[in-house]
Amino acid sequence: MNERYSPHEIESKWQATWEEDGIYHAKDGDPRHRDEKFYGLIEFPYPSGEGLHVGHPRSYTALDIMMRKKRMEGKNVLYPIGWDAFGLPTENFAIKHKIKPQDATAKNVANFTRQLKSLGFGFDWSREINTTDPAYYKWTQWMFLKFYDAFYDEEQDRARPISEFVGEDPDAHRLAFKAKTEINWCPSCKIGLANEEAQGGVCERCGGPVEKREKEQWMLRITKYADRLLNDLESVDYLERIKSQQTNWIGKSEGAYVDFEIRPPFSARSSASSDNDSVFGTIRVFTTRPDTIDGATFLVMAPEHGMVATWLSEGRITNAKQVQDYQAKAITKSDLDRQREDKGKTGVELKGVQAINPATQEEIPVWIADYVLAGYGTGAIMAVPAYDERDRDFADQFKLPIVETPLRDMAETLSWVENRGIGERATTYRLRDWVFSRQRYWGEPIPLVYCDACGTVPLSISDLPLLLPDVEVYEPTDTGESPLAGMTEWVHTTCPTCKGPAKRETDTMPNWAGSSWYFLRYCDPKNNDAFADAEKLKYWMPVDLYNGGMEHTTLHLLYSRFWYKVLFDLEYIPKSCGSEPYSMRRSHALILGEGGIKMSKSKGNVVNPDDIVNEYGADIFRIYEMFIGPFDQDAPWNTRGIQGVKRFLEKVWRVYTEDETPQSESEECVSLIHKTAQKVGDDIESMDFNTAVSTLMVMTNEMAKQGASLTTREMFCKLLAPFAPHLSEELWSRMGYTDSVHVSAWPKADSSKIHRDTFELVIQVDGKVRDKIMVSSDISEELAKEKALASENVQKFVKNRQPSRIVYVPGRLVSIAI
RNA sequence: GCAUAGGUGGCGAAAUUGGUAGACGCGCCAGCCUUAGGAGCUGGUUUCCGCGAGGAAGUGAGGGUUCGAGUCCCUCCCUGUGCACCA
């Protein structure tokens with residue numbers, strides 16, 4: 001009886017050996033030789049209580065395969081791992097179970113570590129980081145202070161230290177600044193919610209509707225980087241759909257601001273006052289279609305527009321009550337309500353004011369309506385119902401005039417607007433500044449204090465990290481304040497400048513903070529004097545390949561690019577690293593439940609990686625996830641499918657442990673192993689892992705049938721190594737090698753050996769295959785055509801007719817057209 | 001609506017980028033082995049016609065280019081994903 005393939009014995013043995021030998025440790029190198037390095041990055045996981053999802057290993061295995069190949073090709077590979085551990089789910093979980101988030105995190109990290117190690121990934125565990133480690137978040141806080149101490153210089157188009165600011169009110173220009181913004185407020189839970197917790201306008205905790213409330217929060221001025229974040233996409237290799245999502249998110253549009261004069265309606269004007277006197281203001285609108293201005297038959301302002309309040313206080317609006325009611329409703333209206341109302345628009349006319357269309361000089365009415373957004377453009381639009389669907393809907397609903405007018409020339413209109421001094425060319429963006437405060441406990445404390453004498457004072461680096469107080473109670477408050485606000489001992493402190501009494505900022509940072517720069521920390525994870533040493537950054541950065549989920553394309557990916565650019569501008573990142581953190585970005589897709597629906601606890605179709613590893617072992621699991629379908633396409637889990645992979649590896653095992661090794665082998669076999677080497681190598685580079693696996697299967701079938709020489713077996717073992725690291729290591733050592741297969745040289749395909757002496761020539765008549773004949777590879781065109789016409793079956797279809805054309809494709813076919 | 005990825009057997013999918021459609025795997029069928037098989041091995045498996053050699057049809061629909069189209073062009077339809085009353 002032959003020995004059976006026992007994944008578990010093999011896997012734990014080799015995992016221990018690898019860890020002992022440290023074969024996956026990256027060595028810092030000389031920046032002058034950085035072409036030898038390869039930095040591959042996966043999005044570090046959030047260590048949730050649920051443990052690893054089967055989706056995680058899909059991405060990690062894919063990069064693991066690429067990194068193993070690069071390592072075998074002689075690259076100095078950095079493939080690190082860490083934990084993005086601050087955040088809401090852990091905090092909520094800890095509150096529910098009355099434990100500390102610190103303890104929950106430690107437990108979850110231990111569980112994730114066990115799971116990841118059981119899968120045999122070649123991570124460099126010596127560089128493991130954790131965003132909740134004070135030694136890590138010290139630098140997150142330090143970076144926040146650098147944002148606080150910087151402004152954006154429009155002329156130089158980069159951030160600079162605030163000390164270099166020339167002009168009035170530098171505080172108004174800091175990259176980290178405080179401003180009133182809306183937060184999501186759940187009236188039943190009496191708690192401020194993060195956007196993630198209020199998706200769809202519904203509270204994640206109680207399911208009730210979420211309202212908007214105003215609160216002063218810390219913001220980061222990402223909008224200053226809108227153009228650079230957009231333009232620099234040209235310099236990086238991201239998937240097209242990633243680029244387009246970022247482009248959409250930034251949402252640049254070009255057009256013009258146009259001023260509309262406002263006066264009382266003609267009918268209300270007293271005969272004594274002249275037309276000029278009656279103008280009491282202007283409303284500036286933003287439009288991308290100034291060429292349609294003749295068709296602007298009314299003006300619409302956002303209910304929150306400042307001028308509405310002004311006119312109300314000046315008593316100009318004759319239906320004030322109605323307007324105020326509408327304003328009040330619009331402001332408290334939740335996103336959910338707005339979505340529900342998408343069947344019709346709402347709005348109120350501002351009676352007592354009229355606008356003048358500068359193109360036609362006609363009086364047009366002014367409305368407020370919540371389909372006009374306060375935060376975009378100028379918060380006011382000229383409505384052109386003849387050309388704009390939304391304006392048409394509104395006009396239809398309220399019986400406003402729709403006038404078809406000819407379009408003007410765009411360039412001429414822009415000049416006309418500018419020459420008359422009634423506006424200017426303008427560019428707007430959808431991108432908003434980044435709301436950086438969270439009223440939560442489990443995040444990095446914002447390292448600022450408020451002093452009556454000195455105002456807002458940043459902590460100095462020697463006071464960092466500002467530790468999160470270790471307390472028993474950290475539940476959210478009814479007031480919308482951070483739980484830290486209730487910890488008076490922690491809040492009351494002394495001012496770093498004047499030593500007088502001061503209060504700490506009690507908001508914490510969002511979990512996007514720690515993940516915005518973790519890839520920098522991997523370059524030098526233990527440095528206590530800097531977030532990373534410049535020489536090490538020069539060697540490792542930028543990241544050569546970054547893989548992650550599409551769900552992080554607009555937030556994390558954009559935030560971290562922005563964060564990196566600020567550090568770059570402020571010269572904390574060496575110039576030679578470049579102004580983009582990631583050279584290449586790829587995205588994996590989801591693994592769905594059986595039947596193609598999303599895996600979820602409620603549907604009961606969640607597959608636990610532990611179960612799969614226990615039943616089949618890591619190598620089978622890894623290969624199954626690669627074979628499941630194209631890496632960038634969603635794929636349903638199929639428990640039966642994994643059986644096929646099991647058979648495949650068992651067949652490999654038999655080939656190496658049972659078959660007698662022939663001294664010589666067929667030309668086909670030699671050709672096939674080199675073809676396999678070529679294809680597997682190419683497929684790994686292009687991330688076509690599913691076809692790489694099938695190529696390995698084809699080769700295995702051939703070896704099982706025909707037998708294979710030692711050379712072929714060695715070559716195959718190396719090709720298999722990135723996919724099934726444990727099995728290949730076992731086979732490698734059984735072949736007598738003492739060094740790891742993972743540090744052996746990646747096999748190069750020899751194209752002269754792929755070349756065959758004969759090939760199958762396909763013969764087509766009128767585009768249909770009529771025969772296939774074996775011919776010599778160096779057959780001449782004439783001979784090929786001759787042989788083709790000589791074929792009996794071909795003659796049956798040619799039927800003595802004269803071919804109008806005969807095409808010969810070397811090495812492939814002869815096509816005869818009648 | 002805008003953007004983006006797709007649509008190929010019973011299923012997951014391949015297709016050297018314009019050259020044999022369905023590789024590889026699942027499932028199914030037959031056979032072998034076995035006390036037994038929901039284990040393993042071997043062979044078969046797009047559909048239709050035919051005993052067979054072989055033939056016909058076939059890549060969401062319809063046109064077009066070409067000796068030749070899953071692939072290129074035009075007009076549509078459907079599905080997934082992201083953003084969305086962004087002026």
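Protein chains get the first letters and strands the later ones, always in sequence-line order, with residue 1 at the start of each.
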Is Asn690(A) near enough to A14(B) that one of its side-chain N or O atoms lies under 4.0 angstrom from OP1 or OP2?
-> yes
Report the base-pairing partner of U66(B) (Watson-Crick or G-U wobble, both distances below 3.5 angstrom), or none.
-> none
Presence of Asn701(A) side-chain N/O under 4.0 Å of G25(B) phosphate oxygens OP1/OP2 = yes
NA contact type, Met697(A), heavy-atom cut-off 4.0 Å: base, sugar-phosphate, or nothing?
-> sugar-phosphate
Determine: side-chain N/O of Lys651(A) to OP1/OP2 of C41(B), distance under 4.0 Å, yes or no.
-> no
Considering only the P atoms, how many Å lie between G31(B) and G37(B), rounded to the nearest integer?
-> 13 Å
Write down the distance separating the C1' atoms in A69(B) and G64(B), rounded off to the nearest Å.
-> 11 Å
When you check the side-chain N and O atoms of Glu594(A) and Thr639(A), is any donor under 3.5 Å from an acceptor?
-> yes
d(Leu558(A) CG, Gln246(A) CD) to nearest 0.5 Å is 4.5 Å
Say you pick atom C1' in G22(B) and the same atom in U46(B); how far apart are they, in whole Å?
-> 7 Å
pair_partner(C85(B)), Watson-Crick or wobble, both distances < 3.5 Å, evaluates to none
Measure from CD on Gln643(A) to P on C11(B) and round the result to the nearest Å.
-> 21 Å
hbond_proxy Gln245(A) side chain to U81(B) base (donor-acceptor, 3.5 Å cutoff) = no
Taking only the side-chain nitrogens and oxygens of Arg241(A), find out if one of them lies under 4.0 Å from OP1 or OP2 of C2(B).
-> no
Rounded distance (Å) that lies between atom P of A87(B) and atom CD1 of Ile293(A) | 17 Å
Is there a donor N/O on one and an acceptor N/O on the other, under 3.5 Å, for the side chain of Gln764(A) and the base of G19(B)?
-> yes
Is the shortest side-chain N/O distance from Asn793(A) to OP1 or OP2 of G55(B) below 4.0 Å?
-> yes
Option passing side-chain contact (heavy atoms from CB on, under 4.5 Å) with Phe723(A) (candidates Asp619(A), Ile684(A), Thr61(A)) = Ile684(A)
Could you tell me whether the phosphate oxygens of A87(B), OP1 or OP2, come under 4.0 Å of any side-chain nitrogen or oxygen in Tyr376(A)?
-> yes
On a whole-Å scale, what distance lies between the P atoms belonging to G10(B) and C49(B)?
-> 15 Å
Name the closest nucleotide to the Lys705(A) side chain, picking from G43(B), G25(B), G19(B).
-> G43(B)
Verify side chain to side chain donor-acceptor pair (under 3.5 Å) between Asp433(A) and Thr223(A), making sure each step is shown before the conclusion.
-> CA-CA 6 Å; Asp433(A) 280 327; Thr223(A) 49; 2.7 Å; yes
Residues two or more places apart in sequence or in another chain: which of them pass salt bridge (Lys or Arg N to Asp or Glu O under 4.0 Å) with Glu43(A)?
-> Arg585(A)
Separation of Asp688(A) atom CG from U16(B) atom P, in whole Å?
-> 11 Å
For nucleotides A57(B) and G9(B), find the distance between their C1' atoms and express it as a whole number of Å.
-> 14 Å
Would you indicate whether the side-chain heavy atoms of Tyr5(A) and Leu727(A) approach each other to under 4.5 Å?
-> yes
Under a 4.0 Å heavy-atom cutoff, the residues of residues 810-818 of chain A touching RNA chain B are Arg812(A), Leu813(A), Ser815(A), Ala817(A)
Given atom NZ of Lys679(A) and atom C1' of A23(B), what is their separation to the nearest angstrom?
-> 10 Å
Assigned partner base of A61(B), Watson-Crick or wobble definition, under 3.5 Å = U75(B)
Side-chain N,O (Thr247(A)) to OP1/OP2 (A3(B)) below 4.0 Å = no
Select base, sugar-phosphate, or nothing to describe what Arg805(A) touches, counting heavy atoms under 4.0 Å on all strands.
-> base
Figure out the NZ/P separation between Lys243(A) and C83(B), and round it to whole Å.
-> 21 Å
Nearest whole angstrom, please: distance from the P of A14(B) to the CZ of Phe631(A).
-> 14 Å
Closer than 4.0 Å, any side-chain N/O of Arg647(A) to the OP1 or OP2 of C26(B)?
-> yes
Asn248(A) CG to C2(B) C1': how many Å, rounded?
-> 7 Å
Nearest-0.5 Å distance, CZ of residue Arg430(A) to CG of residue Leu373(A) = 10.0 Å
For Arg770(A) and G55(B), is the shortest distance between a side-chain N/O and OP1 or OP2 below 4.0 Å?
-> yes
Among U20(B), G80(B), A87(B), the one nearest Lys772(A) by side-chain distance = U20(B)
Where does G54(B) fall, syn or anti, if syn means a chi angle no more than 90° from 0?
-> anti
Does the pair Ser791(A) and Asn793(A) meet the rule for a side chain to side chain donor-acceptor pair (under 3.5 Å), with working shown?
-> CA-CA 6 Å; Ser791(A) 155; Asn793(A) 205 42; over 6 Å; no
Distance, C1' atom - from U66(B) to C83(B), rounded to whole angstrom = 41 Å
Interatomic distance at C1', U71(B) relative to U20(B), whole Å = 15 Å
In Watson-Crick or G-U wobble terms, with both distances under 3.5 Å, the base opposite C33(B) is none
Inter-nucleotide P distance (G6(B), G54(B)), Å rounded | 38 Å
